[in-house]
Amino acid sequence: MAKELSTRAQDYSQWYNDLVLKGELADYSAVRGCMVIKPYGYALWENMQASLDKMFKDTGHQNAYFPLFVPKSLFEAEEKNAEGFAKECAIVTHYRLKTDPNNKGKLMVDPDAKLEEELIVRPTSEAIIWNTYKTWIQSYRDLPILVNQWANVVRWEMRTRLFLRTAEFLWQEGHTAHATKQEAIAETVQMLDVYADFAENWMAMPVIKGVKTASERFAGAEDTYCIEALMQDGKALQAGTSHFLGQNFAKAFEVKFSDKNNTMDYVWATSWGVSTRLIGGLVMTHSDDEGLVMPPRLAPIQVVIVPIFKGDEQKAILDEKVSGIVASFKAAGIRVKYDNTDHNRPGWKFAEYELKGVPIRIAVGPRDLENNQVELARRDTKEKSAVSMDGLTETVSALLLEIQSNLLNRAKKYRDEHITKVDTWDEFVNVLDAKTGFILAHWDGTPETEEKIKELTKATIRCIPLDNPLEDGKCILTGNASIQRVLFARAY
RNA sequence: CGGGAAGUAGCGCAGUCCGGUAGCGUACCUGGUUUGGGACCAGGUGGUCGCAGGUUCGAAUCCUGUCUUCCCGACCA
C-alpha cells in the first residue's frame with residue numbers, strides 16, 4: 001500500500017524525516033545520534049565523493065589517511081581549536097573489557113586497562129595532521145602540501161538529526177601547508193570556489209559565498225569562508241567551510257621551514273571540508289510532497305524503465321526490446337535501472353520511484369511497441385509525454401541535462417525571492433517570521449550586537465558575502481554606523 | 001542537558017488506566033485471477049511486547065533503573 005508521507009506544510013521536520021527514512025537514504029541505529037546510511041543513500045554519497053574527489057585532484061590535491069584517535073596532549077596543543085571542540089568529544093580511556101564476576105555473561109571495563117594518556121576520537125584532524133606535517137616539512141621545497149582525507153569524525157552533539165547533524169558523520173577534510181600567507185589565502189578561496197561549483201553544478205543547490213564573522217569562525221582559524229544554502233522552509237544551511245588558519249597550527253606544533261634565504265618561518269595553513277550534511281541539503285532543496293527529487297548528475301538511478309505487460313509472453317517481448325535500450329543508455333553513461341519485477345504492478349513502481357526521486361521514468365508496454373514510442377515522465381515537473389523510440393538515448397541525455405538546469409533555476413528562483421533587504425528592526429523581525437529566508441541588513445560590526453540579535457530572534461549572521469558592495473547605513477538594532485549589509489537567517 | 005511524546009510482527013498501530021499468557025492493517029509465503037498510477041480472492045508464516053531488575057500464583061499492563069527515537073529549547077557542520 002501507499003507509504004504515507006507528511007507534507008511540508010503539515011510538518012516540515014517530519015516531512016524531512018519521512019523522505020530520508022522512506023526514501024531509504026538512511027535509518028536510525030542502536031547508537032545514540034548515529035545513523036545507518038543505506039545503500040541508496042550511500043550510492044548518492046559515492047557520487048558526491050567521486051565528483052568532489054576529481055575536483056580536488058584537478059586542483060593538485062592528493063588523498064591520504066590519518067588516525068581516528070588523537071592523543072589528548074596533541075589535541076590540546078592549539079588552544080582555541082581544543083577549546084572549541086572540547087565540549088563535544090568522545091574519549092577513549094581504556095583498552096580492554098573483561099567478564100564481570102558479579103554479572104554472568106556480561107562484560108565490564110577492565111579497571112587495570114586504563115590508558116596512560118586518553119585518546120580523543122577526532123572531531124576534526126588538524127592536531128594529528130599538523131603533528132605529522134612537522135616531520136614532513138623542513139624547506140620551502142617541501143611546500144605546498146596539498147592533502148585531503150575522506151574520513152569519519154565524531155562530535156557528541158546534544159541534538160541530532162539525520163544527515164544534518166549526527167554524532168558520527170562522513171566527510172572530507174583538506175589540510176594544506178604553504179610558504180606564504182597569500183598562497184594559503186588563495187588556496188582557501190580556491191577550495192571555497194570548488195565547493196560552490198559543486199553545490200550549484202552537481203547538487204543544483206545555489207549557494208552564497210561569504211566570510212564568517214569572528215564569533216562564527218572555526219576554532220583556531222583566522223578566517224572562515226563558507227557557502228550558505230537556503231532550504232525550502234526558509235532556514236539557512238551551512239553547506240561547506242574553508243578555513244584560513246594563518247600560522248596558528250604551525251606555531252602550536254612547531255612547524256617551521258627555511259626559505260630561499262635560509263631564514264626560518266612558520267608554515268601557513270588551510271583546512272576545508274564538506275560532509276554528509278550535504279545530503280540533507282540536497283533533500284531539502286529539491287524534494288516535494290511526493291518524495292525525493294534527485295539532481296540527475298548525482299542521482300544513483302537517473303532513469304528507471306517500467307515495463308507494462310500481461311503475462312510472460314508480453315514480458316519476454318518487452319525484456320528483449322528494453323535490453324537494447326538499456327545497453328544504449330549504459331553506453332551513453334546513463335545510470336539506468338530496468339525494473340521488470342513481477343510482484344509489484346506498474347502503479348506501485350511509479351509511486352516508488354517518485355519517492356526515490358529518480359529524475360526520469362520510462363514506461364513501455366504493448367501499446368508503445370505498436371507505435372514505436374515510450375511514455376516518458378520527468379520527476380521535477382511531473383510532466384508525461386510520448387516520445388519516439390528512435391533517438392531515445394539522445395532524448396533522455398538531453399532531458400537529464402534539462403532537468404539538472406531546471407532544478408538549479410527553480411532553487412535559485414526560490415532563493416533569490418527569499419533574499420530581502422531590510423532597514424528597520426520591525427521589518428527584520430517581520431520578514432524573519434513571515435516571509436523567512438535570507439535577510440540583508442546593516443550591522444554595526446560588533447560581536448555584542450550580533451549576539452543580541454541572535455538572542456532576540458534566533459537569527460545569526462550567516463556570512464558577509466564575498467562580493468558585498470560597500471554601502472553606508474545604520475545598524476538595524478543599535479542604529480550605529482555600518483559600512484555594509486550582512487546576510488542574516490535562522491539556520492540549521 | 002531542560003520540557004513534552006513514544007518504543008508491542010519488516011512497517012504503521014490497538015491493547016496498558018482496571019494484571020490472567022497478544023490483536024488489527026499492511027508487508028511476507030502458497031495458489032488463482034490480474035497488470036497503462038500504490039490490484040483482488042482464498043489459505044498460511046511471523047512477536048520472550050526496547051533492555052535490565054523488582055512486586056505477584058501470574059506482568060505488554062504495576063514499580064525502579066536504563067537505552068533509543070521524535071518534537072520544542074540551549075549547543076553545533
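Note on naming: letters A, B, ... go to the chains in the order of the sequence lines (proteins, then strands), and numbering restarts at 1 for each one.
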Candidates B/rC71, B/rG36, B/rG37 - which lies nearest the side chain of A/Arg161: B/rC71
Nearest-angstrom distance, C1' atom, B/rA60 to B/rC51: 14 Å
Residues 79-94 of chain A side chain polar contacts: donor-acceptor under 3.5 Å, at least two apart:
| from | atom 1 | to | atom 2 | distance (Å) |
| --- | --- | --- | --- | --- |
| A/Asn81 | ND2 | A/Ala219 | O | 2.8 |

Side-chain-base donor-acceptor pair under 3.5 Å for A/Asp368 and B/rG36: yes
Which nucleotide in B/rG36, B/rC76, B/rG37 has an atom nearest any side-chain atom of A/Glu88: B/rC76
Which nucleotide in B/rG36, B/rC71, B/rG38 has an atom nearest any side-chain atom of A/Arg367: B/rG36
Touch class at under 4.0 angstrom, heavy-atom based, for A/Gly33 against every strand present: sugar-phosphate
Assigned partner base of B/rC70, Watson-Crick or wobble definition, under 3.5 Å: B/rG4
Among B/rG37, B/rG36, B/rC70, the one nearest A/Lys384 by side-chain distance: B/rG37
B/rG2 base / A/Arg159 side chain donor-acceptor hit below 3.5 Å: no
Nucleotide nearest A/Arg32 (side chain, heavy atoms from C-beta), chosen from B/rC71, B/rU69, B/rG37: B/rU69
Under-4.0 Å side-chain N/O to phosphate OP1/OP2 contact, A/Arg345 with B/rG36: yes
Candidate nucleotides B/rC76, B/rU35, B/rG36, ranked by approach to the side chain of A/Pro366 - the nearest: B/rG36
Residue closer to the 5' end of RNA chain B, A/Leu164 versus A/Val31 (nearest nucleotide): A/Val31
Nearest-nucleotide comparison on RNA chain B, the residue closer to the 5′ end among A/Tyr28 and A/Gly240: A/Tyr28
Touch class at under 4.0 angstrom, heavy-atom based, for A/Phe169 against every strand present: base
Sugar-phosphate only, base, or nothing, as touched by A/Thr341 at under 4.0 Å among non-hydrogen atoms: nothing
Distance-only donor-acceptor test (3.5 Å): side chain A/Glu290, base B/rG37: no
A/Asn17 vs B/rU69: side-chain N/O to OP1/OP2 distance below 4.0 Å: no
Residue that, paired with A/Phe488, satisfies ring pair (Phe, Tyr, Trp, His ring centres under 6.0 Å) out of A/Phe428, A/Trp443, A/Trp425: A/Phe428
Closest to side chain of A/Trp348, choosing from B/rA74, B/rC70, B/rG38: B/rG38
Touch class at under 4.0 angstrom, heavy-atom based, for A/Glu228 against every strand present: nothing
Contacts of A/His418 that satisfy ring pair (Phe, Tyr, Trp, His ring centres under 6.0 Å) - sequence neighbours left out: A/Tyr414
Among B/rU34, B/rG38, B/rC75, the nucleotide that comes nearest once only the side chain of A/Lys87 is considered: B/rC75
Close aromatic pair by centroid cut-off 6.0 Å: A/Trp272 and A/Phe56: yes
Please list every donor-acceptor pair under 3.5 Å in which a side-chain atom of residues 229-237 of chain A meets a protein atom from a residue at least two apart or in another chain.
| from | atom 1 | to | atom 2 | distance (Å) |
| --- | --- | --- | --- | --- |
| A/Gln232 | OE1 | A/Arg8 | NH1 | 2.5 |
| A/Gln232 | NE2 | A/Met284 | O | 3.2 |
| A/Gln232 | NE2 | A/Thr285 | O | 3.2 |
| A/Gln232 | NE2 | A/Ser287 | O | 2.8 |
| A/Asp233 | OD1 | A/Lys235 | N | 3.2 |
| A/Asp233 | OD2 | A/Tyr492 | OH | 2.6 |

Residue-phosphate contact under 4.0 Å: A/Ser13 side-chain N/O, B/rC72 OP1/OP2: yes
Pairs satisfying salt bridge (Lys or Arg N to Asp or Glu O under 4.0 Å), at least one member in residues 31-40 of chain A, at least two apart: A/Glu24-A/Lys38, A/Asp27-A/Lys38
Paired nucleotide for B/rU30 [Watson-Crick or G-U wobble; both distances under 3.5 Å]: B/rA42
Sugar-phosphate, base or nothing in reach of A/Glu157, heavy atoms under 4.0 Å: base
Base-contact (B) and sugar-phosphate-only (S) positions in nucleotides 8-13 of chain B, heavy-atom cut-off under 4.0 Å, - elsewhere: ------
Nearest to side-chain heavy atoms of A/Arg165, which nucleotide of B/rG37, B/rC71, B/rC76: B/rC76
Qualifying salt bridge (Lys or Arg N to Asp or Glu O under 4.0 Å) pairs, either residue in residues 301-313 of chain A, two or more places apart: none
